Amino acid sequence: MATRRYWLVKSEPGTYSIDDLERDGTTCWEGVRNYQARNFLREMKVGDRLLFYHSNAAPPAIVGLAEVVREAYPDHFAWDVKSPYYDPRSTKDAPVWFMVDVGFVERFARPLPLPELREDPALEGMELLRRGSRLSVQPVSKEHFDHILKLARQRS
DNA sequence: GCCAACGTTGGC
DNA sequence: GCCAACGTTGGC
């Protein structure tokens, strides 16, 4: 069996929040329109863990945990002219964009705000913390992932 | 609301 | 292939 991998995915809470995922149980992760992020989506395996990050929030924060429940398949929103994610380059015969399905695992009792993460030497080198980092789907090392779970469970 | 950083587009 | 212009992301 392949080793489980770890990722971080961003979502604006006004668009889709961890509370929405908790309510829905599972959802399709549509709308990724960046090639590097897409390639990471396609590497995901069922059971991989996802840190759920709220971007454009005050403050931005890692707010919970999700898991991959279905591996990459074509993002049909790209075919829908009425969708904000419509992209005519993607066709049913040759899909360009993909999505996975994700399932709710937990909402952290203590969200981890970005400024706090930036100050943590144990997270040095994490993609999220790189200056100017905009990647909405990114791999996370096991060391960083484990540390973040530990932080989420600490009493403040 | 501002703007830095980044990815993409398209002229040449 | 270069690179300027543009649109978007996302922190602040």
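Chain letters run A, B, ... following the sequence lines, proteins first and then strands; every chain starts at 1. The structure displayed is predicted, hence computed values, not measured ones.
- Nearer to the 5' terminus of DNA chain B, by closest-nucleotide assignment, is the contact made by A/Arg130 (compared with the other of A/Arg89 and A/Arg130).
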So if I define the base as every atom that isn't primed, P, OP1 or OP2, how would nucleotides 4-10 of chain C read as a B/S/- string at a heavy-atom cutoff under 4.0 Å? ---BBBB
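- Ring-plane geometry between A/His76 and A/Trp79 is classed as tilted, the angle between the planes lying from 30 to 60 degrees on a 0 to 90 degree scale.
- Ring orientation note: the planes of A/Tyr85 and A/Phe77 are nearly perpendicular, at an angle over 60° on the 30°/60° scale.
- When side chains are defined from C-beta on, A/Ile148 counts as touching A/Met126, because their heavy atoms get closer than 4.5 Å.
- Among the protein residues, A/Arg33 comes within range of no part of the nucleic acid, since none of its heavy atoms lies under 4.0 Å from any strand.
- Sorted by first and then second residue, the side chain to side chain donor-acceptor pair (under 3.5 Å) pairs with a member in residues 18-27 of chain A read A/Tyr16-A/Asp24, A/Ser17-A/Asp20, A/Asp19-A/Arg107, A/Asp20-A/Arg23, A/Glu22-A/Arg107; sequence neighbours excluded.
- Cation-pi geometry between A/Arg42 and A/Phe98 is met: the NZ or CZ atom falls under 6.0 Å from the ring centre, inside 45° of the normal.
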